[in-house]
A.B. asks: 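Have a look at this one.
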Amino acid sequence: MAHASEQAPSLVANEARIIGDEARTRIVMEFNREPEFEVHYLDSPTRIVVDFPAVGFSFPTSDLAPTGLFSDIRFGSMGEGSARLVLTAKKPAHVVIAETKSDDGGKIFRFVLDTEMATKQKFAELLKNQSWHALAPATTASVTADIAPKTSRQSDFVIAVDAGHGGIDAGAKGAVSGTDEKVITLTFAKQLADRLNKLPGIKAFLTRDDDTFLALSERVILARQQNANLFISVHADTLKQKGIRGATVYTISDRASDRMAQDLAERENLSDQIAGVTVQSEQPEVADILLDLTRRETQAFSVTLAENIVKSFEGQVGLINNPHRYAGFQVLRAHDVPSVLLELGFLSNPDDEKLLLDEAWRAKVADTLATAVTRYRAQALANGG
């Protein structure tokens, strides 16, 4: 089901600052009321995770730019009722002070987190002694994508529209506007779902309809639980080569079509790590020829969907060279739901970024996708799908 929209959190972080070096680093966040918090540790890479209740972060990301001990800092929503601060360290580190003090007569509550370098042995002990597992909310903890239960197909042709990134995982950032990828993907996903729902016999739903973090496996499970006939994951990445622009359609494969596809898949598959979620080990393959045949058939349908999208885009929406590519995207893992990952364009390219922020252009893309889906559905029904 799509996640319900939430009211603004009553706990608000209004200011933040960071100072320090690679031996000791301090982070200070100022809240409107006293926050509850828990501190945890993760390895591979070394991370310090601070969990809060739902928080409205009203300060700019740049106020907590990576400094001192930390090579990467992320903060944001983890779903209903929770938020998270994830600090990726350059070396083993630990928290020496984590406390909240009131100021200004109780109008400001200052959260202070002092961290310092630690030995590998000390960090290993912290990991071993904590009674905590960094699983994402809801289904990820108990159900894997390959074994999530499904019921029989409904009469509607169901399409899962997946807005990439969200919550603590902001994704890429616009080179000119600074707009987060998670905002662009959600805006377009809503437009696409609305457009698809106007087609007879088609029912589209969003895996997320607000600024919520979803683990990659949760996105897959939501599609399967809703008996989706198709899964379309929407993204807008960045590249070092700012001259490259245009849409790309990806399908899953154990072997990447090219270096660019491989690099993109590796970045997208880091979403869980960025959010401080333990990446679950792969489930052992089931020795079942029927499952293997289903997976192969699904991959063939995914390729057909990708080809239909490319055909609909030609002459209507800009495409990169060789617009259908493939790599090992975790979000495309459902063995019985044809799935594609659509890169609308590149936020690293100013011309693409301008289009991505243009409502009329997004509506045009949604129209061409509706055409592709209609054509694909007709083919699937003709083949008994």
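Note that the numbering runs from 1 along the sequence shown for the chain.
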A.B. asks: Just jot down the ring pair (Phe, Tyr, Trp, His ring centres under 6.0 Å) partners of Tyr41, sequence neighbours excluded, or say none.
C.D. replies: Phe123
A.B. asks: So, the side chain of Arg362 versus the backbone of Leu192: is there a donor-acceptor pair under 3.5 Å, distance only?
C.D. replies: no
A.B. asks: Answer yes or no: is there a donor N or O on one side and an acceptor on the other, between the side chain of Arg47 and the main chain of Gln273, under 3.5 Å?
C.D. replies: yes
A.B. asks: For the pair Glu353 (side chain) and Val176 (backbone), establish whether a donor and an acceptor sit closer than 3.5 Å, ignoring hydrogens and angles.
C.D. replies: yes
A.B. asks: Verify the distance criterion only: is there a donor paired with an acceptor across the side chains of Thr185 and His165 at less than 3.5 Å?
C.D. replies: no
A.B. asks: Does anything in residues 239-277 pair up under ring pair (Phe, Tyr, Trp, His ring centres under 6.0 Å), and if so which pairs, sequence neighbours excluded?
C.D. replies: Tyr250-Phe329
A.B. asks: Side chains of Ser10 and Arg33: is there a donor and an acceptor less than 3.5 Å apart?
C.D. replies: yes
A.B. asks: Check whether more than 12 heavy atoms from other residues, nucleotides or ligands sit under 6.0 Å from atom CZ of Arg24, and answer yes or no.
C.D. replies: yes
A.B. asks: Once the angle between the rings of Phe301 and Tyr376 is folded into 0 to 90°, is it parallel (under 30°), tilted (30 to 60°) or perpendicular (over 60°)?
C.D. replies: perpendicular
A.B. asks: Compare every heavy atom of Ala16 with every heavy atom of Met29, then report the nearest pair and how far apart it is.
C.D. replies: CG-CB, 4.1 Å
A.B. asks: Around atom CD1 of Ile19, are there more than 12 heavy atoms from other residues, nucleotides or ligands closer than 6.0 Å?
C.D. replies: no
A.B. asks: For the aromatic rings, using the six-membered ring if either is Trp, is the centroid distance between Phe52 and Phe57 under 6.0 Å?
C.D. replies: no
A.B. asks: Strictly distance-based, threshold 3.5 Å: is any side-chain N or O of Asn229 a donor or acceptor partner for the main-chain N or O of Val158?
C.D. replies: yes
A.B. asks: Taking all non-hydrogen atoms of both residues into account, name the closest pair between Val12 and Asn32 and its distance.
C.D. replies: N-OD1, 2.8 Å
A.B. asks: Let's go through Glu181 and Lys173 carefully: what are the C-alpha distance in whole Å and the side-chain angles of both, what is the deciding distance for salt bridge (charged side-chain N to carboxylate O under 4.0 Å, His left out) to 0.1 Å, and is it a yes or a no?
C.D. replies: CA-CA 6 Å; Glu181 180 182 1; Lys173 189 176 288 291; over 6 Å; no
A.B. asks: Can you name the residues that form a ring pair (Phe, Tyr, Trp, His ring centres under 6.0 Å) with Phe109, not counting sequence neighbours?
C.D. replies: none
A.B. asks: Does Asp254 have more than 12 heavy atoms from other residues, nucleotides or ligands lying within 6.0 Å of its CG?
C.D. replies: no
